Peer 1: 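Sharing a structure with you now.
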Amino acid sequence: MEASRRSWAPKRRDDRIIIHFDYDCFYAAVFEAENPALRSLPLAVQQKHIIVTCNYEARRRGLHKLQPINEAKKLCPDVVIVLGEDLTRFRNASRELYNFIRQFSWNNKAERLGFDEVFLDVTDVIRYNIELLNANDLANSFFCLSQNDPTLGFPYNAAELAGHASPASTACQVILNGIDPDSLLIRLHLGSHLARHLRTQLEEHKGYTATIGISTSKLLSKLVGNLNKPNGQTTLLPPYEAPEGGTGNATAFIDGHEIGKIPGVGCKIAQKLREHILQRPAEIDSGLVYGGTKEKVTVRDVRTHPTINLEMLDRLLGGPGSHRGTGVRVWQLIHAVDDTEVGQAKEVPSQISIEDSYIRLDTIEEVLKELRKLAKSLIKRVHLDLLEESDDDTGIPPVAEHSKGSTSLGLRRWIAHPKTLRLSTRPRPPLNPDGTRARSFNRISRSAPLPTFIFGLSESIDALTERLISEALLPMFRKLHPDRSGWDLSLVNVAVTNMADAAGDSKTATGRDISSMLRKQADVLKEWRVEDRPVPPDAPAEVFGKNTSMPASSRPDDERKGSEDMLVPSQDSRNGFEGAVWDLEDGAEEQVSALACEICGAIMPAFAMLAHQRFHELGD
DNA sequence: ACGAAATAG
DNA sequence: CGTTCTATTTCGT
């Protein structure tokens with residue numbers, strides 16, 4: 001009754017089992033996988049003047065992440081240093097491992113975080129296998145990995161946990177009174193065995209070790225995994241919630257963490273919370289002091305602080321610019337509650353970007369040179385990552401992405417369409433002469449529609465690069481930096497974003513849904529009409545800068561507008577439609593004597609192609 | 001749609 | 001603290 005200032009703790013729902021993977025020292029492991037002889041040597045991966053990561057052999061000698069090269073060499077003169085500024089190999093390895101792991105998922109909930117982490121929701125797999133258990137002989141269980149093939153799986157002892165536990169289990173006695181399929185303990189047991197299987201499979205088949213956490217949420221599985229690195233696994237044991245107001249294992253575990261270590265609580269939020277908990281002082285928090293006087297504010301400090309409640313958090317963290325619901329989110333996190341879903345597996349990223357950093361970059365000529373490098377590798381990447389052999393296999397996509405020599409000539413199609421081009425820079429702070437620090441390490445950016453010619457498959461990469469620079473990037477750069485000089489850039493980034501049809505699964509409808517796709521295809525063709533009504537030649541040419549060295553003859557045809565009511569697959573990206581059209585390229589082509597647009601893959605009769613191309617030239 | 005910010009590895 | 005090279009999501013406009 002008392003309007004207790006204390007809000008109720010958020011409700012737990014521990015009905016899922018989630019596995020978190022963290023590949024051990026990933027960048028170094030990629031080089032080791034390429035060249036196993038490196039495994040026994042101290043190995044460090046360099047970007048610019050720092051070690052971004054190193055293997056455990058190197059760590060034994062005092063090396064660590066984000067260490068200056070000089071320091072590392074001094075500490076360990078015989079360290080093998082490899083350059084890791086080009087991320088291609090890491091990206092490819094990451095995708096390969098991800099594709100491997102996600103095959104074990106039944107619900108397709110497999111979310112990548114950065115290059116070296118994956119969340120897997122295995123709730124359904126666990127549930128299925130609990131039903132298979134024989135309560136009288138748990139020690140001789142068989143974990144079934146497929147609902148279709150009962151022989152696919154591995155034997156295990158369901159009565160005991162695989163790997164480490166937290167809190168560390170003193171006695172490995174497990175009392176299973178019958179098999180309650182809702183028992184968190186038994187579900188975690190199965191989760192731990194699946195995790196161990198996944199780890200050994202990853203090592204045997206791919207040559208990578210991983211550290212794994214097993215729990216009921218992304219928050220808990222990720223944090224608990226950290227307890228046994230490398231090449232280990234840890235399960236957070238129940239009870240997550242104690243019966244009578246006591247502290248369950250979930251809260252007890254999360255309580256000990258420094259507030260900024262909680263995923264979702266970044267430096268800004270952590271700062272605000274620390275300031276509030278440590279009452280007044282603005283706090284020297286992690287400053288330039290290595291001495292050790294580090295004021296730690298733990299989750300427990302925040303959670304048990306007398307003034308902290310839900311409304312307080314909303315007020316404290318809900319300022320302008322902050323995400324709506326941050327207060328609730330943090331309130332849940334400090335109570336070890338995280339209901340966020342593991343994301344559905346995605347086949348295409350939602351953004352592709354390339355960047356480089358510079359010690360000095362202050363002339364247009366230099367910028368142009370760097371823009372050329374960046375644009376070229378971006379276009380290459382867009383082609384590599386977004387172009388797929390349309391020669392359909394109907395099988396599981398082979399993980400071997402590195403089948404060089406694409407034999408099927410011209411049989412490629414775009415699996416996604418970035419629509420926006422973005423140029424970002426990070427200007428070096430103006431550098432005040434009066435010895436004061438000028439602080440700004442922020443990026444500024446301009447974006448514009450991505451010219452569609454980059455999807456053309458006939459022009460050379462170099463030609464595309466030049467066009468992209470003169471028609472888009474240079475004008476954007478002038479918007480960012482109108483002055484000819486007076487700036488100095490420490491970073492330049494070029495990105496394509498806003499993938500049409502990327503986020504959803506344009507590829508989930510494979511195989512058996514053919515007849516409905518045929519029907520949709522027929523409907524589409526029936527309603528399809530092209531009006532060739534002319535449109536006034538008022539197309540603005542403002543994209544072109546005054547000084548572009550572009551010959552008028554190579555400018556795109558901007559004199560006429562295409563009609564708007566034509567078949568454009570990317571217009572309706574709600575499930576099924578585009579997949580239907582795209583997947584039918586081969587078959588439909590001959591029957592209707594239609595052509596496929598090389599830009600978007602849309603099928604259409606030859607007579608429509610000209611107008612359709614005009615449509616692309618004017619952008620969506 | 002655009003540009004910035006916050007968070008993550 | 002930031003150093004690198006990314007990537008995702010959300011906010012205000």
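Residue numbering restarts at 1 for every chain, and letters A, B, ... go by the order of the sequence lines. Bear in mind that the values here come from a model prediction, so they are computed numbers and not experimental data.
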Peer 1: How long is the line joining CG of A:Asp86 and C1' of C:dT4, in whole Å?
Peer 2: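 Between C1' of C:dT4 and CG of A:Asp86: 13 Å.
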Peer 1: Measure CG/A:Leu489 against C1'/C:dT4 and give the value in whole Å, please.
Peer 2: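 Atom CG in A:Leu489 sits about 17 Å away from atom C1' in C:dT4.
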Peer 1: Quick one: label A:Pro263 by what it contacts on the DNA or RNA (base, sugar-phosphate, nothing), any heavy atom closer than 4.0 Å.
Peer 2: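 Here A:Pro263 touches the backbone only, sparing every base.
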Peer 1: Assess the side chains of A:Thr209 and A:Asn231: does a donor N or O sit below 3.5 Å from an acceptor N or O?
Peer 2: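 Checked: A:Thr209/A:Asn231 side chains show no N/O donor-acceptor pair below 3.5 Å.
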Peer 1: State whether the side chain of A:Ser105 and the backbone N or O of A:Ile101 hold a donor-acceptor pair below 3.5 Å, judged by distance alone.
Peer 2: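 Answer holds: no.
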Peer 1: Grab the CZ-P distance between A:Phe90 and C:dA7 for me, whole Å please.
Peer 2: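 For the pair A:Phe90 CZ and C:dA7 P, the rounded distance is 13 Å.
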Peer 1: Which nucleotide in the set C:dT3, B:dG3, B:dA4 lies at the smallest distance from any side-chain heavy atom of A:Arg426?
Peer 2: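 Looking only at heavy atoms from C-beta outward on A:Arg426, the closest nucleotide is C:dT3.
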Peer 1: Could you tell me whether A:Leu317 contacts a base, only the sugar-phosphate backbone, or nothing, with contacts defined as non-hydrogen atoms closer than 4.0 Å?
Peer 2: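 Answer is nothing: A:Leu317 stays at 4.0 Å or more from every strand.
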Peer 1: Nearest-Å distance, NZ (A:Lys222) to C1' (B:dG9)?
Peer 2: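 It works out to 7 Å between those atoms.
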Peer 1: Using the rule side-chain hydrogen bond (donor to acceptor under 3.5 Å, both in side chains), only one of A:Gln332, A:Arg329, A:Lys222 pairs with A:Asp338; which is it?
Peer 2: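 That would be A:Arg329.
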Peer 1: Relative to the 5' end of DNA chain C, which residue comes earlier, A:Gly84 or A:Cys267, by the nucleotide with the nearest heavy atom?
Peer 2: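 So the residue in question is A:Cys267.
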Peer 1: Are OP1 or OP2 of C:dT6 and a side-chain N or O of A:Ser353 less than 4.0 angstrom apart?
Peer 2: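 No, no such contact exists.
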Peer 1: Would you say A:Arg443 places a side-chain N or O within less than 4.0 Å of OP1 or OP2 belonging to B:dA4?
Peer 2: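 No.
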Peer 1: Could you tell me how far C:dT4 sits from B:dG3 if I compare only their C1' atoms? Round to whole Å.
Peer 2: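 It comes out at 23 Å once rounded to the nearest Å.
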Peer 1: Regarding A:Gln351, tell me which of base, sugar-phosphate or nothing describes its non-hydrogen contacts under 4.0 Å with the strands shown.
Peer 2: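 Base, at least one base heavy atom under 4.0 Å.
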Peer 1: Between A:Phe90 and A:Phe115, does the ring centre distance come in under 6.0 Å?
Peer 2: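 Judged by ring-centre distance (under 6.0 Å), A:Phe90 and A:Phe115 do not meet the cut-off.
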Peer 1: Below the 4.0 Å mark, does C:dC5 have OP1 or OP2 next to a side-chain nitrogen or oxygen of A:Lys48?
Peer 2: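 Yes, because at least one side-chain N or O of A:Lys48 sits under 4.0 Å from OP1 or OP2 of C:dC5.
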Peer 1: Please report the distance, rounded to the nearest Å, between CG in A:Asp116 and C1' in B:dA8.
Peer 2: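 After rounding, the gap between these two atoms is 11 Å.
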Peer 1: Would you indicate what A:Leu491 reaches in the nucleic acid, counting non-hydrogen atoms under 4.0 angstrom: base, sugar-phosphate, or nothing?
Peer 2: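 No contact.
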Peer 1: NA contact type, A:Arg112, heavy-atom cut-off 4.0 Å: base, sugar-phosphate, or nothing?
Peer 2: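 No contact at all - A:Arg112 keeps every heavy atom at 4.0 Å or more from the nucleic acid.
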Peer 1: Kindly say if A:Ser445 contacts the phosphate of B:dC2, meaning a side-chain N or O under 4.0 Å from OP1 or OP2.
Peer 2: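 Negative; the distance criterion is not met.
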Peer 1: Identify which nucleotide among C:dT6, C:dT9, C:dT4 has an atom closest to any side-chain atom of A:Ser357, counting heavy atoms from C-beta outward.
Peer 2: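 Ranking C:dT6, C:dT9, C:dT4 by closest atom to the A:Ser357 side chain puts C:dT4 first.
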Peer 1: Take atom CZ of A:Phe21 and atom P of B:dG9, then tell me their distance rounded to the nearest Å.
Peer 2: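 Spelled out: CZ on A:Phe21 to P on B:dG9 is 17 Å.
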Peer 1: Rounded to whole Å, how long is the line connecting atom CD of A:Glu71 with atom P of C:dG2?
Peer 2: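 Nearest whole value for this atom pair: 18 Å.
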Peer 1: Counting the atoms with a prime plus P, OP1 and OP2 as sugar-phosphate, which does A:Ser322 contact under 4.0 Å by heavy atoms, base, sugar-phosphate, or nothing?
Peer 2: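 Answer is sugar-phosphate: A:Ser322 comes under 4.0 Å of backbone atoms only.
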Peer 1: When you measure from the side-chain N and O atoms of A:Thr420 to the phosphate of B:dA1, is any distance below 4.0 Å, counting only OP1 and OP2?
Peer 2: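 The answer is no; no side-chain N or O of A:Thr420 sits under 4.0 Å from OP1 or OP2.
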Peer 1: Quick one: is B:dA5 close enough that its OP1 or OP2 comes under 4.0 Å of any side-chain N or O from A:Asn442?
Peer 2: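 Yes, because at least one side-chain N or O of A:Asn442 sits under 4.0 Å from OP1 or OP2 of B:dA5.
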Peer 1: Any luck finding a side-chain donor-acceptor pair between A:Ser94 and A:Arg112 under 3.5 Å?
Peer 2: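 On atom types as modelled, these side chains qualify, holding a pair under 3.5 Å.
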Peer 1: Nearest to the A:Leu113 side chain among B:dG9, B:dA4, C:dT4, which nucleotide is it?
Peer 2: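 Nucleotide nearest to A:Leu113's side chain: B:dG9.
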Peer 1: Using the rule side chain to side chain contact (heavy atoms under 4.5 Å, CB included), only one of A:Ile469, A:Leu489, A:Leu368 pairs with A:Phe477; which is it?
Peer 2: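 Running side chain to side chain contact (heavy atoms under 4.5 Å, CB included) over A:Ile469, A:Leu489, A:Leu368 with A:Phe477 returns exactly one hit, A:Leu489.
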Peer 1: Whole-Å distance between C:dC11 C1' and A:Arg329 CZ?
Peer 2: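 Those two atoms, CZ and C1', are 17 Å apart.
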Peer 1: Return the nearest nucleotide to the side chain of A:Ile50; candidates are C:dC11, C:dT4, B:dG9.
Peer 2: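 Nearest nucleotide to the side chain: C:dT4.
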Peer 1: Check whether any side-chain nitrogen or oxygen of A:Arg422 sits under 4.0 Å from OP1 or OP2 of B:dC2, and answer yes or no.
Peer 2: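 For B:dC2, neither OP1 nor OP2 has a side-chain N or O of A:Arg422 closer than 4.0 Å.
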Peer 1: What is the ring orientation for A:Trp414 with A:His383, classed by angle as parallel under 30°, tilted 30 to 60°, or perpendicular over 60°?
Peer 2: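 If you compare the ring of A:Trp414 with that of A:His383, the planes turn out perpendicular.
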Peer 1: Output yes when at least one side-chain N/O atom of A:Lys65 is less than 4.0 Å from OP1 or OP2 of B:dG9, else no.
Peer 2: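 No, because none of the side-chain N or O atoms of A:Lys65 sits under 4.0 Å from OP1 or OP2 of B:dG9.
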Peer 1: Hey, does A:Asn493 reach any base, or is it just sugar-phosphate, or nothing, if we go heavy atoms under 4.0 Å?
Peer 2: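 It contacts nothing in the nucleic acid.
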Peer 1: OP1, OP2 of C:dA7 versus side-chain N and O of A:Arg381: anything below 4.0 Å?
Peer 2: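 Yes, within the criterion.
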Peer 1: Would you mind telling me which of B:dT7, C:dC5, C:dT9 lies closest to the side-chain atoms of A:Ile269?
Peer 2: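 Ranking B:dT7, C:dC5, C:dT9 by closest atom to the A:Ile269 side chain puts B:dT7 first.
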